[in-house]
There are 2 protein chains.
Amino acid sequence: MSLPHALLAALLERPRSGLALARQFDKSFGHFWSASHQQIYRELSRLEADGLIASEAEADARGRKRTWRALAAGRDELRAWIPRDDPAPSLRDTLMVRLRAEAIVGPTGLEATLRARLKSHEDKLALYQGIEARDFPDPRKDRATAVQHLVLRAGLRHETYWIGFLTDALTVLCDPGLG
Amino acid sequence: MSLPHALLAALLERPRSGLALARQFDKSFGHFWSASHQQIYRELSRLEADGLIASEAEADARGRKRTWRALAAGRDELRAWIPRDDPAPSLRDTLMVRLRAEAIVGPTGLEATLRARLKSHEDKLALYQGIEARDFPDPRKDRATAVQHLVLRAGLRHETYWIGFLTDALTVLCDPGLG
DNA sequence: CATAACATGTAATGAGTTACATGATTAA
DNA sequence: TTAATCATGTAACTCATTACATGTTATG
């Protein structure tokens, strides 16, 4: 349950409206913790009820822009949450289910899906490489920059790992020497 | 929504009871698509209602073992589902939120969490390597074996990628030349 | 002033988890 | 015969998504 904490962090960086947060709330946040605007508005209301953030306008200001900012209590809550342990999320991908099922009920033309996935990971890798070149000319400038660059490198590694696997998978599925 | 299809695949391989499926329903399935027994029993009921699987005993046989098997319609449904496209799941990990937040509100002692995560990925990698050595002496024996081995290799790649990233991350966070 | 774009919100649904309830079988 | 274990199931709750509803501001 880290959406509220992602929002707190984004608002500590700089006050923003709900819609600004919803538009992938930050160059870096949106890539690894996306959320719909409905989710974000709900969480913002909860964070306000808990006294962690505040805005000028009162509740149910439909149509009127509300700019949110984090309070001191919000900052404390975030700092306490950061070092908490939680279990590693397991690899959970329908593609693995499809492959495993394909091993049982025989060839089904899965190759096209693999190629589509490969393309999407290649595109994302190119996007991340563009961000790296543009936003991190000096990644060791200070601690904050170094950690942001580290998070971006996680994305680069993630896409690279998938591209490697999918290339491997296409080789196996298209191998005429099998089956 | 691939749990029902994972169950169909497992039952096509060999009929099983709900509990047997719940105990990570298969050496290979459980590692990349886990599910609680409550979820599994609910899905089994739905699959039965849809005429895709069947068992001998009638419904609400509390305490009595029910062995499920897939029907022909279940096999058809699975074969039709396998090649369907769905979007690549994005990197979604609370650790990325923690790191990104750490870049904003300063050092918080996140290193211990990173070391714990590193340990858990190293353990899982060793587990997968053991499975590979034991169950895949000849990974190119036939198409089914080759695809199962491929899925295992995804797991190996996944753990390797995380170990690389976490090692990198510890270097950055513990670097005295920053911050 | 009409309409497009901006901005916030509710309702319904489904997936997944936690806690609990119940019955059958086996072993001390 | 009591306790542990196996086995199946219900209830309540949270998270996330989809669809929809409503009001405001800018622009032609």
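So you know, we letter chains A, B, ... as the sequences are listed, proteins then strands, and number each from 1.
Between the C1' atom of D/dA12 and the CZ atom of B/Arg42 lies a distance of 12 Å, rounded to the nearest Å. We find that CG of B/Leu44 is positioned 16 Å from C1' of D/dT10, with the value rounded to whole Å. Note: CG (B/Leu3) to C1' (C/dG16) measures 10 Å, nearest angstrom. Rounded to a whole Å, the CD1 atom of A/Ile40 is 15 Å from the P atom of D/dC15. If you take CZ of A/Arg16 and P of C/dC6, they are 18 Å apart, rounded to a whole angstrom. Across the protein-nucleic acid pair, B/Leu19 atom CG and C/dT22 atom P stand 20 Å apart, rounded to whole Å. The distance between atom CD of B/Glu43 and atom C1' of D/dG9, rounded to the nearest whole Å, is 15 Å.
B/Thr145 and B/Asp142 share a side-chain donor-acceptor pair at under 3.5 Å.
A/Ser34 places no side-chain N or O within 3.5 Å of a backbone atom of A/Gly30 that could act as its donor or acceptor partner. Between the side chain of B/Arg143 and the backbone N or O of A/Val172 there is no donor-acceptor pair closer than 3.5 Å. Between the B/Asp50 side chain and the B/Leu52 main chain, no donor and acceptor come within less than 3.5 Å of each other. Looking at A/Arg66, its side chain never comes within 3.5 Å of a backbone N or O of A/Arg16 through a donor-acceptor pair.
Nucleic acid contact class of A/Arg66 (heavy atoms, under 4.0 Å, all strands): sugar-phosphate only. Counting non-hydrogen atoms under 4.0 angstrom, B/Ser17 reaches the backbone sugars and phosphates but no base.
The existence of a salt bridge linking B/Arg117 and B/Asp93 is confirmed by a sub-4.0 Å separation between a basic side-chain nitrogen and an acidic carboxylate oxygen. Ion pairing of A/Arg100 with B/Glu13 is present here, as a side-chain N (NZ or NE/NH1/NH2) and a carboxylate O approach within less than 4.0 Å.
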Could I get a table of every N or O pair under 3.5 Å where one atom is in the protein and the other is in nucleotides 1-3 of chain C?
none

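With rounding to the nearest 0.5 Å, the separation of CD in B/Glu122 from CG in B/Leu127 is 14.0 Å. To the nearest 0.5 angstrom, A/Leu99 atom CG is 6.0 Å from A/Leu173 atom CG. The NE2 atom of B/His31 sits 4.0 Å away from the CD1 atom of B/Ile131 when rounded to the nearest 0.5 Å.
Taking 4.0 angstrom as the limit, B/Tyr41 places a side-chain polar atom (N or O) nearer than this to OP1 or OP2 of D/dT8. Phosphate proximity of D/dA7 to B/Arg23: present, with a side-chain N or O under 4.0 Å from OP1 or OP2. OP1 or OP2 of D/dT17 sits under 4.0 Å from a side-chain N or O of A/Gln39. Between D/dC15 and A/Arg46, a contact under 4.0 Å exists linking OP1 or OP2 to a side-chain N or O.
In the set D/dA7, D/dT17, C/dA7, C/dA7 carries the atom at the smallest distance from any side-chain atom of A/Lys65.
Between B/Arg92 and B/Thr67, the residue anchored closer to the 5' end of DNA chain D is B/Thr67, taking for each the nucleotide with the nearest heavy atom.
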**Message:** I need a per-nucleotide contact map over nucleotides 20-28 of chain D, read 5' to 3'. Cutoff is protein heavy atoms under 4.0 Å; write B for the base, S for backbone only, - otherwise.
**Reply:** -BSBS----
